[in-house]
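For reference, the structure is listed below as structure tokens.
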Amino acid sequence: MSFDTDTLRRAFSALNAFKIEIPSWGFANTGTRFGKFVQAAAASTIEEKFADGAEVLRLTGATPTLALHVLWDMPHGVADAEKVQALEAKTGIRAGSINPNLFQEQEYKYGSLCNPSAEIRQKALSHMFDSIEIAKRLNCRDISLWLPDGSNYPGTQSIRKRIGWLDEGLQATHARLGAEQRLLVEYKPFEPAFYHTDLGDWGMALQLARSAGPKAKVLVDTGHHYAAQNIEQIVAWLIHSNALGGFHFNDRRYADDDLTLGSIDPYQIFRIFAEIHSAEADGLPLDVAYMIDQSHNLKGKMEAMVQTVVTAQELWLKAALIDREKLAGLQDGCELVAAEEVFRGAFWQDVRPLVAEWRAARGLPVHPLDALKESGYVERITKERAGRSAGGGGSYA
Ligand code: RM4
Ligand code: MN
Ligand code: MN
């Protein structure tokens, strides 16, 4: 297929600029609260997670960093930093965001940073400090906090006191950040708590981030919204407020399903990317960490990750190719159908040949999923890892 040079130029520059972080836990055995279906090829050590991540990087050229979850990947905290550095050097993929873990220890039954016990709040805060220290050692910029805290029954906790404790905790965390570091504040409406969640939506996250300080930004996990919520509008608001720190991409049909990006509603991811491209074109300050947060319970881990990255690139490119000048004119003139056709038209065009051309030009496999199959990587790890413990840390991952 041949494309005009302007389209090629725009496409290549959009794809060059797009990097997406992959999660270490996406390679590990995961399941639901009912159980786990273990896969022989799943990674159960940090070495295996780095090896798998590096293979995804080799196949896609778009995933330079691997997100780490502190307790799962670095159970000895800062002491594990050297091991991670050695793996970075060996595999060529770098450690990315550092994810504190405030949801697995028994003390956290009634909360971590929002626990009524000052002692337990202090324990949670120390873990935040350790996570910052790990990130400093590894030269990682982002500390990405998801807080499980909340309550299950009305009247059983003081929502307002807990806001105060959380505010204090995040301020203290912010004060420890290095000059270049950021605190990404993730929100989620429910689960594991089912009556109230202390950090339940983007308004709470934005308010807390602002109160913590300028290096705190909001993280949007696409699965952490009520059904039918307009996520791209939230994204537009966060951009307007210079508070968009990053994304955890995944897809959902019902709740926090953690399905692969774009599998249920690719148009939604396109609409989110369209907001970003339009803000970029308007010259707004943007510094966004694109990350994947998925749990591949049924699909093969490697296949699911490569498929996800490829889908993200395709949707990113579709949104980049919207004729924005034309669209702006139609929006201003309230030409509704024509405007929608420009927008929708970009979504419906098949950009796969363009991405293939970009890959060929960069010496990358033109069809990453086929290349994964042909490489024999999955067969090899299946053999090597078969019969070992189904571990990998934690009940979730
Ligand atoms: C949460 C949230 C966090 C992730 C944990 C494991 O639902 O999405 O980002 O770290 O799951
Ligand atoms: Mn998440
Ligand atoms: Mn989640």
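Remember, it's 1-based here, ligands and their atoms both numbered in the order they're listed. Model, not experiment: these values are computed from the prediction.
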With nothing but distance in play, are any N or O atoms of Asn99 less than 3.5 Å from an N or O of ligand 1? no
Are Lys301 and Asp52 ion-paired here, with the side-chain N under 4.0 Å from a carboxylate O? no
Can an N or O of Trp25 be found at a distance shorter than 3.5 Å from an N or O of ligand 1? no
Closest heavy-atom contact between Asn152 and Pro192? OD1-O, 4.1 Å
Ring centroid separation His277 to Trp316 under 6.0 Å: yes
Return a yes/no value for Trp146: is any of its N or O atoms, backbone included, closer than 3.5 angstrom to an N or O of ligand 1? no
Which N/O/S atom belongs to Asp256 and is the closest one to the Mn ion (ligand 3)? OD2
Before accepting this row, confirm whether a basic side-chain N of the pair Asp221/Lys188 lies closer than 4.0 Å to the acidic partner's carboxylate O. no
Looking only at N, O or S atoms in Asp221, which is nearest to the Mn ion (ligand 2)? OD2
Ring geometry between Tyr267 and Phe270 (parallel below 30°, tilted from 30 to 60°, perpendicular above 60°): parallel
Out of all atoms in ligand 1, which are within 4.0 Å of some heavy atom of His224? Include the element for each. 2 (C), 7 (O), 8 (O)
Which atoms of ligand 1 are found less than 4.0 Å from any heavy atom of His248? 9 (O)
Within the 4.0 Å heavy-atom cut-off, what Asp256 brings close to ligand 1 is side chain
Answer yes or no: does an N/O atom from Trp72 fall short of 3.5 Å to an N/O atom of ligand 1? no
List ligand 1 atoms under 4.0 Å from Asp221, heavy atoms only on the residue side. 8 (O)
With heavy atoms only and a cut-off of under 4.0 Å, state how Glu191 meets ligand 1: side chain, backbone, both or neither. neither
Tell me, do Ser97 and Met291 make a side-chain contact under 4.5 Å, heavy atoms counted? yes
Got a salt bridge between Glu303 and Lys373, using NZ or NE/NH1/NH2 to carboxylate O under 4.0 Å? no
On a heavy-atom basis, the closest approach of Ile98 and Ser131 is CG2-O, 3.8 Å
Would you say the Mn ion (ligand 3) has His248 as a near neighbour, meaning an N/O/S atom of that residue under 2.8 Å away? no
ang(OD2 Asp293, the Mn ion (ligand 2), OE2 Glu186) rounded to 10° is 160°
Given the side-chain rings of Phe247 and Phe273, with only the six-membered ring counted for Trp, is the space between their centroids under 6.0 Å? no
